Amino acid sequence: MIKPMVRNNICLNAHPQGCAAVVQRQIQYARKNLSPADSAECAAPKLVLVVGCSNGYGLASRICAAFGYGAATVGLSLENIPTEKRSGTPGYYNNEAFDREAAQAGLVSLSLNGDAYSNEMKAKAVEAIRQAAAKAGIPATIDLVVYSLASPARTDPQSGIMYKSVIKPIGAALSGKSLNMMDGTFTNFSVEPAREEDVFNTVKVMGGEDWELWMDALDKEGLLAPNTRTVAYTYIGPELSWAIYKNGTIGKAKEDLERACREINNNYTARNKISGAWVSVNKALVTRSSAVIPIIPLYISCLFTVMKEQGLHEGCIEQIARLYRERLYCGGQVPVDSEGRIRLDDWEMREDIQKAVIEKMKKVTPENVFAETDLAGFKHDFLEVHGFDVDGINYDKNSE
Ligand code: NAD
């Protein structure tokens, strides 16, 4: 019997059947809401690589490509395999469930477990892409590369140096109240400003260098084609989060992701080697990565209340289905903002939504946090990401 073990907004274990049920539910959504016929003018992707495929936005990207458009998919992620004493990571069970469902549906899928930053895994992915294409009976050129890594560390494949990313403000310390999602209590947090090397290290891990290395590796192997598209994900969020996010170390890394996107477009799109590279600004959602960022749990709890009231709430699968249907594969030009970015955070950032969220945040106290905000929804989503609190799963029964 597996019960959630949560410490400081980090869940240390996962439930296999719960994870599988969540994957199945996302598959149903993709089947219902996407179809290759939607994208008649701009052919739906047939061969897709997802780097960071096992959770959150990457998993939703893979599910939408496979079960929405019938694509053969190669997915890569870094997961702990279960042992006698320890459960696997949720991504391990998600990949297992994805591959099982894909096989049942007659879809080609290959899932690789290893460090996406390494040369070794890039070489293995190249092999897997060729195998997937051969199995599916399609040309071995990739239609879509989704880059969706969220990682605390990266070993540079050239130098062998390991860099660690940190979530810190730049210029001044930041303090405030942090919300514990499990019981609704608030604790004071204080984060020292980043040192120069913190910024450098975080850019090394979460910036765009590795995305460029992926595109170069795929190009060298002849796996890119004029219809190849590539997308990586970022977040901007409201001003109240900028000290820790947009103007902090992670924001610098995301600026570098946008730099890499421009480079990829200069090197490949401008020479007609691929169709285009985009950074997509997505909505704040509960994933394993977002729950540990100070301010975000309180902000998301307020945001979800407001967006649910307005009928505008989306999870990862809804966001990515909209990305494919209304942005990447809508036919014609991909709609972008003045900086060339795709905006899926358009509903989150609407003036009326942000105004209502800020009003709500001002009213929240430890006494009313469950009544005023959707903390219950946040907690549910967080547990669900790990396969817990999922409808239809009997958690008192032994897990196989
Ligand atoms: P997540 O934690 O749910 O998933 C991260 C994925 O990266 C997992 O599949 C994990 O296995 C994989 N990964 C991590 N290190 C790896 C490594 N070394 N090798 C191979 N795989 C590795 O994260 P997420 O929240 O879905 O974030 C994905 C992207 O979306 C990130 O760039 C993030 O900044 C962005 N984003 C997230 C949000 C949000 O609110 N969660 C909002 C906007 C944008």
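When reading the values below, keep in mind they use all heavy atoms of this one structure, side chains included, and skip hydrogens, waters and symmetry mates. These numbers come from a predicted model, not from an experiment. We count ligands from 1, going down the list as the structure has it; atoms in each ligand are counted the same way.
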Check for a donor-acceptor pair, side chain of R62 on one end and backbone N or O of V48 on the other, with a separation under 3.5 Å.
-> no

Taking non-hydrogen atoms only, is L78 closer than 4.0 angstrom to ligand 1 via side chain, backbone, both or neither?
-> both

Check whether any heavy atom of G114 sits under 4.0 Å from an atom of ligand 1.
-> yes

Scan side-chain atoms only and decide if D115 and T155 contain a donor-acceptor pair under the 3.5 Å cut-off.
-> no

Output yes when a side-chain donor or acceptor of E318 lies under 3.5 Å from a complementary backbone atom of G315, and no otherwise.
-> yes

Per atom 14 (C) of ligand 1, closest listed option by heavy atom (A253, G52, A153, A150) = A150

Please say whether N282 places an N or O atom under 3.5 Å from an N or O atom belonging to ligand 1.
-> no

Among A116, S61, A232, which residue places a heavy atom closest to atom 19 (N) of ligand 1?
-> A116

Min over R154, R62, K254 of heavy-atom distance to atom 33 (C) of ligand 1 lands on K254

Would you say G91 contacts ligand 1, with heavy atoms under 4.0 Å as the rule?
-> no

For S54 and ligand 1, does the shortest N/O to N/O distance drop below 3.5 Å?
-> yes

Do G58 and ligand 1 have an N or O pair less than 3.5 Å apart?
-> no

For C53, the ligand 1 atoms whose distance to one of its heavy atoms is below 4.0 Å | 9 (O)

Applying side-chain contact (heavy atoms from CB on, under 4.5 Å) between L49 and each of T73, V146, L218, L144, report the one that passes.
-> L218

Residues Y93 and H15: closest non-hydrogen pair is CD1-C, 4.5 Å

